[in-house]
Structures are given as C-alpha cells and as structure tokens.
Amino acid sequence: MRLWLYYFKHAFESILGNRLIYFISTGTISISLLLFAAFVLISANFNNWAKSWEKSLSLSVYLENGTDAQEKDEIAKAIERVDGAEIKAFISKEKALKDLAETLGSQVGLLEGLTKNPLPASYEVIFRNRELSREELKNIKKSLEKVKGVDEVQYSEQWLERIEGFIYFSRILGLIVGGLLCLAVLFIVTNTIKLAIYARREEIEICKLVGATDWFVKIPFLLEGAIQGIFGALIALSVLFFSYSMFRVRTIQLFGLPVMDVTFLNAGQYVLVVFLGLTLGLLGSFVAIGRFFKF
Amino acid sequence: MRLWLYYFKHAFESILGNRLIYFISTGTISISLLLFAAFVLISANFNNWAKSWEKSLSLSVYLENGTDAQEKDEIAKAIERVDGAEIKAFISKEKALKDLAETLGSQVGLLEGLTKNPLPASYEVIFRNRELSREELKNIKKSLEKVKGVDEVQYSEQWLERIEGFIYFSRILGLIVGGLLCLAVLFIVTNTIKLAIYARREEIEICKLVGATDWFVKIPFLLEGAIQGIFGALIALSVLFFSYSMFRVRTIQLFGLPVMDVTFLNAGQYVLVVFLGLTLGLLGSFVAIGRFFKF
Amino acid sequence: MIQLFRVSKYFGVIAALKDATIRIRKGEFVFVTGPSGAGKTTLLRLMFGAEKPTEGQILINGINLGRVGGSRLDFLRRQIGFVFQDFKLLHRRTVLQNVALASEVGGEKWTTTRKKTHQLLRAVGLTAKEHAYPLELSGGEQQRVAIARAMVNDPLILLADEPTGNLDPEITRDIMILFRSINLRGTTVVVATHNKELLRNTDQRVLFLQNGMIHE
Amino acid sequence: MIQLFRVSKYFGVIAALKDATIRIRKGEFVFVTGPSGAGKTTLLRLMFGAEKPTEGQILINGINLGRVGGSRLDFLRRQIGFVFQDFKLLHRRTVLQNVALASEVGGEKWTTTRKKTHQLLRAVGLTAKEHAYPLELSGGEQQRVAIARAMVNDPLILLADEPTGNLDPEITRDIMILFRSINLRGTTVVVATHNKELLRNTDQRVLFLQNGMIHE
Ligand SMILES: Nc1ncnc2c1ncn2[C@@H]1O[C@H](COP(=O)(O)OP(=O)(O)OP(=O)(O)O)[C@@H](O)[C@H]1O
Ligand SMILES: Nc1ncnc2c1ncn2[C@@H]1O[C@H](COP(=O)(O)OP(=O)(O)OP(=O)(O)O)[C@@H](O)[C@H]1O
Ligand SMILES: [Mg+2]
Ligand SMILES: [Mg+2]
C-alpha cells in the first residue's frame, strides 16, 4: 500500500518532470483513439440506420375479391398475431386503382379502357422492433396465405436483397477498416511510448545500477502509460463530442427513404474507448520497456 | 555540392547510428500513411463506382402514336447528336405491353380489359463517358421533346435524386474523414519525429557548442526526416499493394445494379502518397527541430 | 569479501583486464591506481556485476557473480555503493531524490531514508543544494552527490571510481576522511584514483594497474 | 583578447560570479582555480557565450558578446576551443568523427580536417582508439578526445575546464606541454583546475576564485 503510494507519487512526479515527452505522447494517443472513436461512432450510427432500414420492411397482404367484413377482421387479427407485425393501412380496391394511376403518370391512358377494377384490396403490414431474416419472411408469408380470404402475400424480394447485400458489404468493410485501425492504433501508441521511454533509457539504467528490482523500475512506467492512455482517451472523447456538437448534422435523409438519427456514443462505447486507452497505455509501456531491459 | 554530399553522408550515418529510433519512427510514419493510402484507395474506388452509376442513367424517349419509319430515324439521329448519348434499345408498343405485363406480375388481370394497346413506343437512351447534372438532363429533355414525332422524354427524377443524394453525402463524409485523417497523420508524424529528435537533443546542443550554424545542424535532420518520410510511404504502399493482392475482391456486386471494379491506386495517387510522405517527413522534422533550438 | 580468480575482460581484442587474481578482505581499504586506460574502471565494474568477465570467477561476499542474476544481483547491488566516474545521476530528479533513490530502492522506511539522506548531504557539504537538479550543479558538486548516494545505504562494500577528480584538495581531504570513517565502521572500501597526493599520505594497500595487469 | 567588465552571473539567488573585471591579453596563459562551486565553469562558459551575464559586459577579440548572436556567435565559437568539464562528446559518433566535427563545422577542407584530426589524436595518444565510440573509452580517454576536439581548429582562444581531472600525472604533463606549445604559437589559453600540482610548478598568471569573487 505504502509502496503503491510511492509508485503513484513517482509516476506523477515523473510526468511533471518529463512534461514535454508526455505532452507529445499523450497527444499521439489521443489522436489515435480519436480516429478509433470516430470509427466507432460512424459504424454505430450506420448500424442503427441499417437496423431501422431493415425494420422499414413491409408486406402486402392481398385479399380475394368479394371478401366480407368479418373475413377482413379475421385476417387483420391473424396479421396482428404475428410477432412485431402491425397494420399500417388498409388499401381498398378503389384506393389501389388511384395509386396505380398516379404511379403510371403519363401512361395513365392505360387505365382508360378498363371496364372493371381488376386490383385487389390489401393490408399494408410493417414490422416494428424486429429484424427479419429472409427465411422468417417466407414463413410469415406462407402462414398468412393459409388464412381464409387472403389471395397472396408479397414483399419485394429484390429490394430486400439489395439492401441486405449493401449492409453486409458495409459490415465487412467496417470490420476490415476497424481491424486495420485497431492494429494501427496499437502500433502507433506502442511506438510512441517506445520513443518516449527511449529518451529516458538512462534512467532505467541508473535505477538498475543502484540495485532496483525490475518491477520497481517498471511499475512507474506502467502507471505513467496507464495514466497517459486514460488521459488520451478522455481527450479523444472530448474532441469527438465537441465536434459532434459543433456539426450536429443529427438527422440525415438518405436515399430519400430512411431517416438516420445521428446519435453520440453510448455509455458502453464510452467505457470501451477509455478501456482501450488504458489497455493501450499499459500494454504499450509494457512492450516498450521490455526493449530497454538488458542490464 | 561537396557540402551536400557531406550532409547526405551524415544523414545516412546518423540513420545507421540511431537505427532503433529510425526503425520506430519510420514504422509509425508507414502506418499513418497506410491509413491514408487505404483511405485514398477506398475513396478512389468509390468514386469510380459512383461515376459508373451516374453513367448508368437512362432516358426514355416516347414516340407519338402513328410515327412513321422516317420520323423514327430522324428521332434516332437527333438522339445520337446529343453528346455521349447512345440508343440502347427501341421498344415497340407490343414490347412495352409485354414488359408491363411482366412488371405487374400477379396483377396482370389489370390488362385483361384492354381493347387497344395504350402504350407508346420508345427509345431507351444511355449516356457513355459523360456525367450529367440534373440541369443538363433537363435541357436534353427539352430539346428532344421539340423533335417532331416525340411525345415525351422521361427520366426517373426520384431515383436520380436518391443516388445523387447518396453520392453527395458519401463525398462529404469522405472529405471530413479524409481531412481528419490528414490532420491525424500530420500530428502523429510530427509528434513521432519530435520524440525521435528529443532523444537526440544533446547532439544538437553539442553541435551548437562547437560553433555549427543552425542550418549545419538542421539540414541533416531534415534530410533524415525526408528519407524517413519517403521510406515510410514506400512501405505503406507495399503493404497496401500486398493486402490488395491478397484479398483481391476486385469485383463487387453492389445493390445488384452497378458492378464495382476494385482497382489499385493509379500512378498519380502513388506519387501523391510518396509526396505526402516526403512533405510530412520534412515538415515534421522542421517543426520538431524548432523546439530544440534555444541555444 | 571480494575475490577475483584469474579474471580477464576483453572488449573485442582489447584486454582491459588480464588474468587478475585479487583478494580483498572484509574491512580493508584498498587503492587502485594506474595510468589512463589501465583498466581501473573495468576492475571496479566487474566487482559490481556491471560487466561480466570474459574469463575467471568473481566472488562477492561468497556469492559467485557469474552464477547470480535477476533479483539476487539487485539485492547484492543494494549492499554495494558505487561512485561512478561519470556520476550517473538522474537529471530529472533533485539532489535529495537522487540520494534517496538508492535507499528507497531497498524498501527502506521513509523516515530512515530522509534521515540518512540529510545526514550524508551534510557530510559532503551540499545541504544548501538539496532541491537543485544535477545539471544546475558544478562538476564537483555532482561528484559529491554521487558519493553521498553511494554511501546512503551503509553499504558492505564501497567502490569509488576516481571520486575526487573534480574536487579541490580541501574537499578531497574531507571526502577521504568520510571514506575512512565508513571503513572504520566495517565497510570494505576500494578507491580507484590517479591522485598521487592521496597515495602519498597513506599507509593503505595499493593495487597498481598497467595495461590490464595487476602489480601489488 | 578577453575582457570582462563588472560581470555578475546569478542563478536565481545564487551568485556564481560577482562583479568580475578581468583582462586577458592575447597570447597569455592563465590558470583559474578555486574550491568546488566557486564559479570557474561559469566564468569560462561566460567567456564562450554559453551563458549570458546577468550584469556587465564581455568582450572577446573586441566583439561584445552581449550584442552578438546567431551566426556571428557561431563564427566566434569556431575560433574558441572549449574543453568541457563533462566532455560533451557525441555518443553516436566515433572518436575521429567527434574531433573532425569541430573542423567540418567551419567548412574546413576534408583533407585539412583529416590531417589535423590525426595529428591531434596522436598528440593526446589516442591513435589506436580513433574508431571507438566515446562510451567505449575510459574516463581519461574521453577527456583527451575533448581536448583534441578543442584544439583541432587552431583556435585563437582555448578554454579548458578541469582538463586533467581524469588523467594520470604523466599524461597530465603531456597535455600541459601541448597547451604550452599551442600557447607559444599565439593561442590565448585559460585553464580552470583544482590540481595544485599544476599551479605549483608554474610561473603563469593564476586567478583565484572563491564564492564567485575573483582574487588575482
Ligand atoms: N565498453 C567498452 N568497449 C570497448 N573498450 C572498452 C570499453 N570499456 C573500456 N574499454 C577499454 O578498456 C580499457 C580500460 O578502460 P578503463 O575504463 O577500465 O580504464 P581506466 O583505468 O578506468 O582509465 P581512466 O583512468 O582513464 O578512467 C581502455 O583502453 C578502454 O578503451
Ligand atoms: N545552471 C545552473 N543553475 C543553477 N545554479 C548553477 C548553475 N550552474 C552553476 N550553478 C551554481 O553556481 C555555482 C558555481 O558553479 P560552477 O560550475 O561555476 O563551479 P566550479 O567552480 O566550476 O566548480 P567545480 O570545481 O566543482 O566544477 C555553484 O554553486 C553551482 O551550484
Ligand atoms: Mg576509469
Ligand atoms: Mg566546474
């Protein structure tokens, strides 16, 4: 206990005594962690957005011609029994025809020759708080199609595939970039600490010459590394938060379709970055100091 | 000349004499430039892809009913006079109806009541080797609509908007990330060189004490910085090229639609990275050495 | 206390010490002298375990330095005080901290450390400089800090390498009296020096080194 | 050649040099002596422009050190040789390179540099060590490298701070002969030393420093 106080005292004294070095290396750690934290921020937001996109999936449940009101209610109930499913709208035959006319635009002439309305009525169904795999969607489709009065259940297979492909691709890219970034940060931080300790290798040598044990010499360096790492992480987070508040794009319309809510890191990610800083500082010092121990 | 030889000789000797420091700091420079080069690679490919997407824009030129063969040819000529425009296909009234039936899928019943084909024939036009702004598209539309026999020219305003929005957003994000990365790399490299020179501040002091002029002391450090920067850049490029060859994803299907060809950096980007390394090394040394000149 | 059996130390082709056999008894006071580059520093560093001999065996206090390493060597070093020819002070710590370090390293109680540190700084005449940093001291003052540090642990053995090279004759005399007094309290003292003055007025044992060879 | 008018140097409250007025003529050979911490090093460093005086004026060769800076000071320093008390050798360069550096700094022709360097290394007896690095040398050998470096430019002024602290009496005599010979060729020499031996056998001028005060 007394010894730890001693170590801490010396670590702080040494940080003060080597202000310049610590200033420089803590700066580098901050920047590296800033890159990392920015990456976490971007990919967390991307993930949110991807999820909300997946959630924006909708089904169309087409009714047979001549379904009566009771059957309609039965179908609605059947739909709402599906986990997470919610009826967004009922589209009557008339509404369907009007929508089609709008979609056709200048080709509306197509509808002129119609003698009767050939379009079915349908329920538009969306899913809330639930991610659906293609498999699950298929099962839901099958089960709903068994309900009396339901003609067909449709979802846009193609659209789904594209989005899934895009999200999948982005996640892979994110993992690669994230991994590379992690390695880069680790490497840069270790190197920086190595250089910082290199500038002080005489100290290590002298301490060993007056009979200090390895740990007596190492512990202050490790503590200094840990302190630097934590400080670096805190600075990085502050800078990130500051620029987040500055820009505050917050809500981004993308692809017209989904609305992206830019959120800041959550508590867990905060802790992750600080923990990473701590680990990097400790590990960096540990690796770095090993080099200078051949006395 | 003789003096420069002397400087170069000393720079190389000093790099050999301070192997460890140079190894560490060149490593850091490499990693930083690797991050940067990877960013350039990704955004260059993204750009290619975005361009090819923009190129995949198409116009539909609808013909009036009862256009004769000569008019059709006139129209085709008019289209081909537009810079970069190329006719992909001529879609006759019959083909148009068949396509619509396919698109409607289960709602094909809609077409049952038709007494005559209400759909117009059309030319499908694509643009090669040309990026089009919305403004230009509008002008093309107007001018083509003046041609005799043309009923209407259409392009998907909505789709275009979405893609443009996405590309615009990605470019902004890319600029922000790239700018941040540039700053980070600058900062990290300067700091690393600062630490490396800090470890050798005694040398500077002693040289000044034996009467060396400032430039006599500085030039070898600047040369060493430049050499480190160039080496760092070359290492970064090699690593990047190596991993590029390893993964060789090369062709990525994205959104189903456009095919993305993953290409490596071009000569200009190569030079850019090396030049950046050189500049960073020089600038870093210059900034760093300034700190230790108070003798 | 200190025994060397046929010890040689080569740096490449240079023989810094050749086939030296020396036995120094507990409580002895020995001078080592010889021209520049004769091997005095090498001899002292070998006794301290800071260099490994190329050939031969070194026993300190019955412990074979060739067979000991790690924390055992650290422990041994805490019982040996060494005044380095180039002082080897920590530039980022004050005089007080430099001297105290050697004591703290052994896990000494803080009060004891403080008492011993002050006492030794007084003995070498540096009480006024205790909060100065080594680079703010004159050459002779730095040397005296190194001497104080070597003695703060009441070592079993004191090895002093040219401890008076930067000191004027008066302070040199004081330092020699200090060495004599610690020697009288049982510490084995080995002093390497060029100073003919020191050797002239002494009846102590003198080892004469030349080209790495020992002559008694 | 060297003139100090009422020069004082304070480090905080410590007066390293008080109200010193000294005039050293061209070609003189002067000893500076005094107890440890008296201000010898400070005096020499002031003459070299390595410290700025707190008060007073220093003229070297007619140039006022207080008014000169940058490249003019660099030029002046190339005409002054300084043997530092702590040597100040570049650890990453060999003995040869260390000595040659002082010559190259002035843009000297390479052949001249080489000739002078070899000649001086022979004079201090280090020809065999020319490719060694300073940390591979004994204390006295390092000191001799510092002496050789200070003399390689045939300086107008040679300032030597305790140049024989790590040297044995024989080499000390050789070095003093070297200093005398360069002095005879016109160089003004100032030597700070504790060595009573040197002062005893000399008829040169001796400045005595105590607590920063000069007594002739
Ligand atoms: N690390 C080393 N590498 C190579 N040679 C060395 C090393 N240390 C010492 N030497 C050589 O060994 C010889 C003896 O050196 P040592 O330092 O023991 O001499 P010394 O008697 O202490 O001399 P001085 O009185 O000048 O301090 C010298 O020639 C020296 O150059
Ligand atoms: N940079 C500094 N900061 C503070 N005090 C200093 C500094 N340099 C020297 N001093 C103090 O000034 C006084 C004179 O120092 P100086 O080095 O000139 O003594 P010296 O005569 O060379 O002594 P020695 O013979 O021990 O080398 C000493 O008390 C020293 O502590
Ligand atoms: Mg020695
Ligand atoms: Mg001095």
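Letters go in sequence order (proteins before strands), and every chain restarts at 1. From a predicted model like this one, the values you see are computed outputs, not experimental measurements.
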Give a yes or no on whether [X] atom [atom1] has more than 12 heavy-atom contacts from other residues, nucleotides or ligands under 6.0 Å away.
X: A:Phe39; atom1: CZ; value: yes
X: B:Tyr22; atom1: OH; value: yes
X: B:Glu202; atom1: CD; value: no

Spacing of [X] atom [atom1] and [Y] atom [atom2] [to the nearest 0.5 Å]:
X: A:Ile31; Y: B:Asn191; atom1: CD1; atom2: CG; result: 8.5 Å
X: B:Ile24; Y: A:Thr190; atom1: CD1; atom2: OG1; result: 10.0 Å
X: B:Lys194; Y: A:Thr28; atom1: NZ; atom2: OG1; result: 8.5 Å
X: A:Tyr198; Y: B:Arg200; atom1: OH; atom2: CZ; result: 8.5 Å
X: B:Ser32; Y: A:Phe187; atom1: OG; atom2: CZ; result: 9.5 Å

Hey, does B:Val177 have a side-chain heavy atom less than 4.5 Å from the side chain of A:Ile42? yes

Side chain, backbone, both or neither of A:Leu35 within contact of chain B (heavy atoms, under 4.5 Å): side chain

Partner of B:Leu195 under side chain to side chain contact (heavy atoms under 4.5 Å, CB included), chosen from A:Thr192, A:Leu20, A:Ile197: A:Thr192

